[in-house]
J.: 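First the structure, then my questions, so here it is.
Residue numbers count from 1 along this sequence. Both backbone and side-chain heavy atoms feed into the values below; hydrogens, waters and symmetry mates do not. Remember, it's a predicted structure, so these values are computed and weren't measured experimentally.
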Amino acid sequence: MKSPLLSLPGAVPAEGVDEAVAAHYGDLFREQRALADGTGFVDLSHRGVVTVTGEDRLSWLHLLLTQHVSDLPAGRATEALILSAHGHIEHALYLVDDGETVWMHAEPGTQEALIAYLESMKFFYRVEVADRTADFAVVHLPAGSIAEVPEGVVVREMSYGRDLFLPRTDLESYAHKNGPAAGLLAYEALRVEHHRPRLGFETDHRTIPHELGWIGSAVHLQKGCYRGQETVARVQNLGKPPRRLVFLHLDGSEVHLPPHGTELRLADDGPDGRKIGFITTSVRHHELGPIALALVKRNVPVDAALVADTTAAAQEVVVEP
């Protein structure tokens with residue numbers, strides 16, 4: 001569903017799963033600085049929006065999600081995962097309950113598979129699941145924003161900003177009143193700076209929550225059974241994850257950023273060394289320069305210099321080895 005805000009002056013479409021919204025509006029670093037200063041907003045209207053209603057909604061979701069939500073207070077934002085039977089991450093959900101309805105947003109294009117899974121697990125519970133993507137658009141306001149939130153709009157309040165579930169028909173008028181708009185590249189740069197993983201970027205078919213630091217923020221360790229819990233408990237209590245998320249400072253003299261999937265090697269081993277990880281997201285930051293998130297093997301020394309193809313990279317620990 002292509003965003004109408006792509007018609008704003010200077011808008012350049014993003015790529016891949018984000019192509020329905022703007023990558024930037026002509027000035028990437030200005031847009032980043034605006035978000036960092038608490039001004040502007042980000043169009044996330046391409047994300048899937050799903051609601052769950054019914055008196056059993058929280059107790060039912062509690063059985064399916066990695067997060068403790070049975071007693072979730074109205075208005076409190078949280079995030080949760082849905083895992084496979086083997087503990088691999090299938091969905092990442094960002095949700096809030098307004099007292100009558102659980103609102104959640106998910107990665108673009110994943111809502112159909114999410115709803116299919118939820119519908120298959122309804123059984124006798126008094127719940128209704130609905131795809132509201134056509135009716136509501138997600139808009140992100142950065143931390144510190146004093147932008148108006150229209151009356152009746154559901155809000156997720158986090159430390160790094162607020163997500164609004166805005167009626168899609170109001171998106172253009174909201175943009176005109178609360179600009180300037182910042183593109184997705186600015187949002188992604190701040191996401192990488194703050195080490196926040198994203199499904200489909202920091203994850204692959206075998207990622208488990210421990211590798212990305214999602215234990216605690218999205219996975220509650222003192223709750224009842226859910227699919228994949230055995231893997232979570234086993235790794236938490238008896239072992240270590242095979243990989244770990246790292247933050248990288250990239251060589252600023254390189255013209256091009258290493259794209260997603262670029263292989264990482266130890267700098268001392270040279271270009272023919274063994275692969276020890278890969279770039280998950282790389283961005284240009286208005287203060288830090290080129291930075292990235294990456295997954296590396298757990299036993300890679302935390303002080304080892306790395307190389308992404310031909311780009312030198314210095315690592316900072318996100319997930320402890």
J.: Nearest 0.5 Å, please: how far is CG in Asp163 from CZ in Arg47?
T.: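 Taking CZ in Arg47 and CG in Asp163, the distance rounds to 8.0 Å.
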J.: Among Ile208, Leu81, Thr207, find the one that has a side-chain contact (heavy atoms from CB on, under 4.5 Å) with His88.
T.: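 By the side-chain contact (heavy atoms from CB on, under 4.5 Å) criterion, His88 pairs with just one of Ile208, Leu81, Thr207: Ile208.
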J.: Distance from Phe136 atom CZ to Ser45 atom OG, nearest 0.5 Å?
T.: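 Separation between the atoms: 14.0 Å.
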J.: Any donor and acceptor pair, going by atom type alone, linking the side chain of Arg265 with main-chain N or O of Val307 inside 3.5 Å?
T.: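 Not confirmed, Arg265 side chain does not pair with Val307 backbone.
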J.: Using a 4.5 Å cut-off on heavy atoms from C-beta on, say whether the side chain of Thr203 contacts that of Pro197.
T.: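 The answer is no; the side chains never approach within 4.5 Å.
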J.: Which distance, rounded to the nearest 0.5 Å, do you find between the CZ of Phe29 and the CZ of Arg284?
T.: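 If I round to the nearest 0.5 Å, the distance is 7.0 Å.
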J.: Between Asp43 and Ser3, does any side-chain donor sit less than 3.5 Å from a side-chain acceptor?
T.: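 Yes.
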J.: Show your reasoning for whether side chain to side chain contact (heavy atoms under 4.5 Å, CB included) applies to Asp204 and Arg243.
T.: CA-CA 12 Å; Asp204 57 21; Arg243 303 177 297 183; 2.9 Å; yes
J.: Under a 3.5 Å distance rule, please check whether Arg244 uses its side chain to pair with a backbone N or O of Val318 as donor and acceptor.
T.: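 Not confirmed, Arg244 side chain does not pair with Val318 backbone.
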J.: Between Tyr174 and Val139 (side chain of the first, backbone of the second, donor and acceptor by atom type, cut-off under 3.5 Å), is there such a pair?
T.: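 Here the side-chain-to-backbone pair does not exist.
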J.: Taking the side chain as C-beta and beyond, is there a heavy-atom pair between Leu6 and Pro13 under 4.5 Å?
T.: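 Touching, per the 4.5 Å side-chain cut-off.
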J.: Drop me the distance from Leu306's CG to Gln315's CD, to the nearest 0.5 angstrom.
T.: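 Leu306 atom CG to Gln315 atom CD measures 4.5 Å (nearest 0.5 Å).
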J.: Kindly determine whether Glu100 and Arg57 satisfy salt bridge (Lys or Arg N to Asp or Glu O under 4.0 Å), including the steps that lead there.
T.: CA-CA 9 Å; Glu100 297 181 350; Arg57 65 190 183 281; over 6 Å; no
J.: Applying the 4.5 Å side-chain criterion to the ILVMFWY set and letting contacts propagate, would Phe123 and Val69 be lumped into a single cluster?
T.: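 In one cluster with Phe123: Val69, yes.
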J.: Is there a donor in the side chain of Thr133 and an acceptor in the side chain of Asp131, or the other way round, less than 3.5 Å apart?
T.: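 Checked: Thr133/Asp131 side chains pair up, N/O donor to acceptor below 3.5 Å.
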J.: Closer than 3.5 angstrom, by distance alone: can the side chain of Glu211 be matched with the main-chain N or O of Pro241 as a donor-acceptor pair?
T.: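 No, the answer is negative, given that no donor and acceptor are paired below the 3.5 Å cut-off.
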J.: Please confirm whether the backbone N or O of Arg196 pairs with a side-chain atom of Arg191, one donor and one acceptor, at under 3.5 Å?
T.: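 Pair found, side chain donor or acceptor close to backbone of Arg196.
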J.: Can you tell me if Gln67 and His220 form a side-chain donor-acceptor pair at under 3.5 Å?
T.: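 Note: Gln67 and His220 side chains miss the donor-acceptor criterion.
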J.: Side chains of Phe41 and Leu166, heavy atoms from C-beta outward: is any pair under 4.5 Å?
T.: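 With C-beta onward as the side chain, the pair stays apart.
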J.: Might you confirm whether atom CD of Glu157 has over 12 heavy atoms from other residues, nucleotides or ligands at distances under 6.0 Å?
T.: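 Correct, the count exceeds 12.
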J.: Do Ile89 and Leu83 touch side chain to side chain, with heavy atoms closer than 4.5 Å?
T.: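 When only atoms from C-beta onward are counted, Leu83 and Ile89 do touch, with a gap below 4.5 Å.
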J.: May I have the step-by-step check of side chain to side chain contact (heavy atoms under 4.5 Å, CB included) for His210 and Val235, ending in yes or no?
T.: CA-CA 8 Å; His210 311 70; Val235 174; 3.7 Å; yes
J.: Would you find a donor on one side and an acceptor on the other, under 3.5 Å apart, between the side chain of Gln32 and the backbone of Leu185?
T.: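 No, Gln32 side chain to Leu185 backbone: no donor-acceptor pair under 3.5 Å.
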J.: Check whether Gln229 reaches the backbone of Lys223 with its side chain - one donor and one acceptor, N or O, closer than 3.5 Å.
T.: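 Yes; at least one donor-acceptor contact below 3.5 Å.
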J.: Please test Ile279 against Leu248 for side chain to side chain contact (heavy atoms under 4.5 Å, CB included), starting from the C-alpha separation and ending with a verdict.
T.: CA-CA 9 Å; Ile279 296 287; Leu248 299 179; 3.6 Å; yes
J.: Give the minimum heavy-atom separation between Thr110 and Ala106, together with the two atoms involved.
T.: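 Closest approach of Thr110 to Ala106: OG1-CB, 3.6 Å.
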J.: When the ring centroid of Tyr187 is compared with that of His140, is the distance short of 6.0 Å?
T.: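 When the ring centroids of Tyr187 and His140 are compared, they turn out to be within the sub-6.0 Å range.
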J.: Using modelled atom types only, decide if a donor and an acceptor are shared between the side chain of Thr280 and the backbone of Leu293 within a distance under 3.5 Å.
T.: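 Flag set: sc Thr280 to bb Leu293 pair under 3.5 Å.
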J.: With a cut-off of 6.0 Å (strictly less than), are more than 12 heavy atoms of other residues, nucleotides or ligands near CD of Glu230?
T.: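 At most 12 heavy atoms, drawn from other residues, nucleotides or ligands, come within 6.0 Å of this atom.
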J.: Would Leu8 and His176 count as a side chain to side chain contact (heavy atoms under 4.5 Å, CB included) if you check the C-alpha gap in whole Å, the side-chain angles of each, and the deciding distance to 0.1 Å?
T.: CA-CA 10 Å; Leu8 291 178; His176 288 306; 4.2 Å; yes
J.: Stepwise, does the ring pair (Phe, Tyr, Trp, His ring centres under 6.0 Å) test hold for His62 with His68?
T.: CA-CA 6 Å; His62 187 78; His68 196 300; 4.5 Å; yes
J.: Please give me the minimum heavy-atom distance between Leu64 and Ile82, naming the atom from each residue.
T.: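 Answer, listing the atom of Leu64 first, then Ile82: O-CG1, 4.3 Å.
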J.: Do Leu164 and Val149 make a side-chain contact, defined as non-hydrogen atoms from C-beta onward lying under 4.5 Å apart?
T.: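 When only atoms from C-beta onward are counted, Val149 and Leu164 do touch, with a gap below 4.5 Å.
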J.: Can a salt bridge be assigned to the pair Asp56 and Lys122 using a cut-off of 4.0 Å between side-chain N and carboxylate O?
T.: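 No, Asp56 and Lys122 are not salt-bridged.
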J.: What's the spacing between Arg168 CZ and Asp135 CG if we round to 0.5 Å?
T.: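 The CZ atom of Arg168 sits 8.5 Å away from the CG atom of Asp135.
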J.: In terms of the angle between their ring planes, are His249 and Phe247 parallel, tilted or perpendicular, with boundaries placed at 30° and 60°?
T.: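 Plane angle over 60°, so perpendicular.
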J.: Looking at every heavy atom in both Leu257 and Ser282, which two are closest together, and how far apart are they?
T.: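 Scanning both residues, the minimum pair turns out to be CB-OG, 3.7 Å.
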J.: Would you say that Val296 contacts Phe278 through its side chain, given a criterion of any heavy-atom pair below 4.5 Å between the two side chains?
T.: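 No, their side chains stay 4.5 Å or more apart.
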J.: Should Val138 and Phe165 count as side-chain neighbours, where that means a heavy-atom distance under 4.5 Å?
T.: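 Heavy-atom side-chain distance check passes, below 4.5 Å.
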J.: Does one side chain, of Thr39 or Asp37, offer a donor that lies under 3.5 Å from an acceptor on the other?
T.: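 No, no side-chain donor-acceptor pair sits under 3.5 Å.
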J.: Is there a donor-acceptor pair under 3.5 Å between the side chain of Thr101 and the backbone N or O of Trp103?
T.: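 No, because the side chain of Thr101 does not come within donor-acceptor range (under 3.5 Å) of the backbone of Trp103.
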J.: Between Gly40 and Pro142, what is the shortest heavy-atom contact and its length?
T.: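 In terms of heavy atoms, the two residues are closest at O-CD, 3.3 Å.
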J.: Quick one: closest heavy-atom pair of Leu295 and Leu264, and the distance?
T.: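 What the structure gives for the nearest pair is O-CD1, 4.5 Å.
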J.: Do the side-chain N and O atoms of Ser173 and Asp170 include a donor-acceptor pair separated by under 3.5 angstrom?
T.: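 On atom types as modelled, these side chains do not qualify, holding no pair under 3.5 Å.
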J.: CD of Glu128: more than 12 outside heavy atoms within 6.0 angstrom?
T.: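 Counting neighbours around CD of Glu128, 12 or fewer heavy atoms of other residues, nucleotides or ligands fall under 6.0 Å, so no.
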J.: Please check if the side chain of Glu31 supplies one atom and the backbone of Tyr25 the other of a donor-acceptor pair under 3.5 Å.
T.: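 The answer is yes, because a donor-acceptor pair under 3.5 Å joins these two groups.
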J.: Which label fits Tyr94 and His105: parallel for a plane angle under 30°, tilted from 30 to 60°, or perpendicular past 60°?
T.: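 Parallel.
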J.: In Å and rounded to the nearest 0.5 Å, what is the CG to CZ distance from Asp98 to Arg156?
T.: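 Nearest 0.5 Å value for the CG-CZ distance: 13.5 Å.
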J.: List the atom of Pro108, the atom of His46, and the distance in Å for their closest heavy-atom pair.
T.: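 Where Pro108 meets His46 most closely, the heavy atoms are CG-CD2, 3.2 Å.
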J.: Distance alone, cut at 3.5 Å: any donor-acceptor contact between the side chains of Glu202 and Thr281?
T.: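 Side chains of Glu202 and Thr281: pair found under 3.5 Å.
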J.: Is the shortest side-chain N to carboxylate O distance from Glu172 to Lys177 below 4.0 Å?
T.: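 Answer for the salt bridge query: no.
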J.: Answer whether the closest heavy-atom distance between the side chains of His256 and Thr311 falls below 4.5 Å.
T.: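 Counting from C-beta outward, His256 and Thr311 never come under 4.5 Å.
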